[in-house]
Amino acid sequence: MTDTISAPPPALTSLSEEERLFADSVYEFADREVRPLVREMDEHAAMNKGLLPKIFDLGIMGIEIPEEYGGAGATLFHSVLAVESLSRVDPALGVLVDVQNTLVVNTIVRWANTDIKSRYLPRLANSAVGAFCLSEAGSGSDAFGLTTRAVDAGDHYQLSGRKLWITNGHEADIFIVFATINPEAGYKGITAFVVERGMTGFTVGKKEDKLGIRASSTCELLFDDCIVPKANVLGELGKGYKVAMETLNEGRIGIGAQMLGLAQGAFDHTVKYVKERAQFGKPIGSFQGVQFQIARMAADVEVARVLTYNAARLRDAGLPFLQEAAICKLVTSEIAERVASEAINLFGGNGFVREYPVEKLYRDAKIGQIYEGTSNMQLATIAKHYLG
Ligand SMILES: Cc1cc2nc3c(=O)[nH]c(=O)nc-3n(C[C@H](O)[C@H](O)[C@H](O)COP(=O)(O)OP(=O)(O)OC[C@H]3O[C@@H](n4cnc5c(N)ncnc54)[C@H](O)[C@@H]3O)c2cc1C
């Protein structure tokens, strides 16, 4: 009988040897090269410039770019592993790499023609940071209420308007920008364009001063009759809403990975601390009350990992994943906040001061419930599945 029953699939959380080596190599890099810089980057609200060439050399800026364009030709699951491994050390660097892979590269690989692919993918794989530019002052959750206008001017489009809160705005050279070619058409006017730093009429504006992920730049972008060649229309005219929506559905899994990594990082710090810190003549980790808190944190991290890996593996298998991605982002962002908060509790007074790493993770966790669709927007997606 055993001959006819195939082996059960491995647990979602088991990694192939190649996946394990990849994740370990990214974590080792983060531990060695990034960890010593985290506090300074947070305080100065700036990414260390020397890190950028290193993450390109590591091969994690073009994970899903096909090898013919200079990328790794790997999967979303690999992006998840990279973002998780970096975010264990610094969720700010985690999101830089996440936006590059799950939003920018993903959009171009999936929706661009061969001309755009051959012009931009090799640069994204080797040296250029990208940004994904949808939100505006008046359109966040209601993203398709955007008003940035693209006017047909013969051989080019002229873009006018202002984008807000754009991750990687400070570092990026390549910007995927959503604008409307016909405001009367509502969401059916929205079109995606590839805009380059230096194009006439395009300026990167002020950088936001933030609560968390402070080393990740969040910028305003200004378009003042910005000249964008027609060859830089990404996908079909009027189909930008589909490009944005479907890309963000996948991007959310990357935010799940960021939140998972953050929770794992907070957990790792805490386990080490409770073994070292003594009160009442014993390590605090020997008290059952503390052990139960550690156990709850471990359970939370495991839930975050299962949800994130499941959503990523479904997407890579070409199976439906919308619901799983929304649940993943909703739950992992709550877990990250909870685990980081509990880490502060277990660090006691040391948890509340900047000299120790966990207060930063608590500040960093908050963004998970806001960007790439707030928690309410995830709840709306989940509820729609059942209630229409
Ligand atoms: C650090 C950071 C980085 C970002 N990076 C990017 C980026 O790279 N690219 C980009 O395009 N955008 C980016 N954003 C923007 C981000 O995606 C938006 O802030 C987010 O989608 C929420 O939009 P909003 O801020 O306008 O909030 P609002 O939409 O005004 O929401 C405010 C509150 O109202 C609730 N709400 C709104 N509508 C409903 C509803 N119908 N039902 C129930 N509740 C509702 C929301 O859940 C929220 O709690 C970033 C933002 C931040 C802070």
Side-chain angles (χ1 to χ4, degrees), residues 2-34 54-89 91 93-95 97-98 100-103 105-106 109-110 121 124-125 249-265 267-268 298-325 327-329 331-332 335-336:
T2 46
D3 287 351
T4 56
I5 297 176
S6 57
L12 274 173
T13 49
S14 29
L15 301 183
S16 69
E17 196 184 339
E18 179 275 318
E19 289 166 344
R20 166 63 53 212
L21 286 172
F22 176 74
D24 286 351
S25 69
V26 179
Y27 180 70
E28 278 157 24
F29 163 81
D31 196 37
R32 189 180 64 244
E33 306 274 346
V34 184
K54 290 181 184 171
I55 53 176
F56 280 103
D57 284 352
L58 195 61
I60 56 171
M61 291 296 269
I63 293 172
E64 285 192 81
I65 294 180
E67 288 175 44
E68 59 186 296
Y69 294 110
T75 62
L76 178 70
F77 191 72
H78 287 85
S79 296
V80 157
L81 293 176
V83 173
E84 175 193 349
S85 300
L86 293 173
S87 302
R88 280 174 70 182
V89 175
L93 183 61
V95 76
V97 171
D98 172 60
Q100 175 89 357
N101 285 289
T102 72
L103 298 185
V105 163
N106 191 0
V109 167
R110 178 138 179 233
L121 289 179
L124 286 162
N249 288 342
E250 302 188 357
R252 257 161 226 149
I253 306 170
I255 300 304
Q258 184 200 26
M259 293 294 117
L260 161 62
L262 190 159
Q264 180 73 61
F267 179 74
D268 295 344
D300 263 348
V301 173
E302 179 71 3
V303 170
R305 180 162 289 113
V306 171
L307 291 179
T308 306
Y309 287 11
N310 184 45
R313 291 219 192 268
L314 285 172
R315 182 276 198 179
D316 284 338
L319 294 166
F321 65 89
L322 178 68
Q323 190 69 345
E324 288 79 2
I327 293 174
C328 163
K329 181 174 178 292
V331 177
T332 57
I335 285 176

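What you see is a predicted model; the values in this text were computed from it and never measured.
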Asks: Would you please test E64 and L76 for side-chain contact (heavy atoms from CB on, under 4.5 Å) and show each step?
Replies: CA-CA 7 Å; E64 285 192 81; L76 178 70; 3.7 Å; yes
Asks: Are side-chain N/O atoms of N106 and T102 paired as donor and acceptor at under 3.5 Å?
Replies: no
Asks: Identify the heavy atoms of Q258 and V95 that sit nearest to each other, and give their distance.
Replies: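 Nearest pair, atom of Q258 first, then V95: NE2-CB, 3.5 Å.
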Asks: In the structure I gave you, are the side-chain heavy atoms of K54 and L58 within less than 4.5 Å of one another anywhere?
Replies: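 Side-chain contact under 4.5 Å: no.
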Asks: Do you know the tightest heavy-atom contact between P66 and L121?
Replies: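 Heavy atoms only, the tightest pair is CD-CD1, 4.4 Å.
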Asks: Within a strict 4.5 Å, meaning less than it, do heavy atoms of the I63 and V105 side chains meet?
Replies: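 In short, these two side chains do not touch, never coming nearer than 4.5 Å.
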Asks: Using a strict 4.0 Å threshold on nitrogen-to-oxygen distance, state whether E19 and R313 make a salt bridge.
Replies: yes
Asks: Looking only at side chains, do E324 and N310 share a donor and an acceptor under 3.5 Å apart?
Replies: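 Distance-only check fails for E324 and N310.
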Asks: Could you go step by step and tell me if Y309 and L81 meet the side-chain contact (heavy atoms from CB on, under 4.5 Å) rule?
Replies: CA-CA 9 Å; Y309 287 11; L81 293 176; 3.6 Å; yes
Asks: Considering non-hydrogen atoms only, spot the tightest contact between A336 and A263 and give its length.
Replies: CA-CB, 4.2 Å
Asks: Can you sort out the partners of D300 under salt bridge (Lys or Arg N to Asp or Glu O under 4.0 Å), two or more places apart, ordered by chain and number?
Replies: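 Testing D300 for salt bridge (Lys or Arg N to Asp or Glu O under 4.0 Å), a comparison that skips the adjacent residues, returns R338.
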Asks: Would you mind reporting whether L260 and V301 have side-chain heavy atoms less than 4.5 Å apart?
Replies: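 V301 reaches L260 side chain to side chain.
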Asks: Set out, in order, the CA-CA distance, both residues' side-chain angles and the distance that settles side-chain contact (heavy atoms from CB on, under 4.5 Å) for L86 and I60, then state yes or no.
Replies: CA-CA 11 Å; L86 293 173; I60 56 171; 3.9 Å; yes
Asks: One pair to check against side-chain contact (heavy atoms from CB on, under 4.5 Å): F77 and L15. What are the steps and the verdict?
Replies: CA-CA 10 Å; F77 191 72; L15 301 183; 3.6 Å; yes
Asks: So with a 6.0 Å cut-off around CD of E18, is the heavy-atom count from everything else above 12?
Replies: yes
Asks: If you count heavy atoms of other groups shown closer than 6.0 angstrom to CZ of R110, is the number above 12?
Replies: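 Correct, the count exceeds 12.
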Asks: In plain terms, say whether E250 and K329 are close enough for a salt bridge, that is, a side-chain N and a carboxylate O under 4.0 Å apart.
Replies: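 No, E250 and K329 are not salt-bridged.
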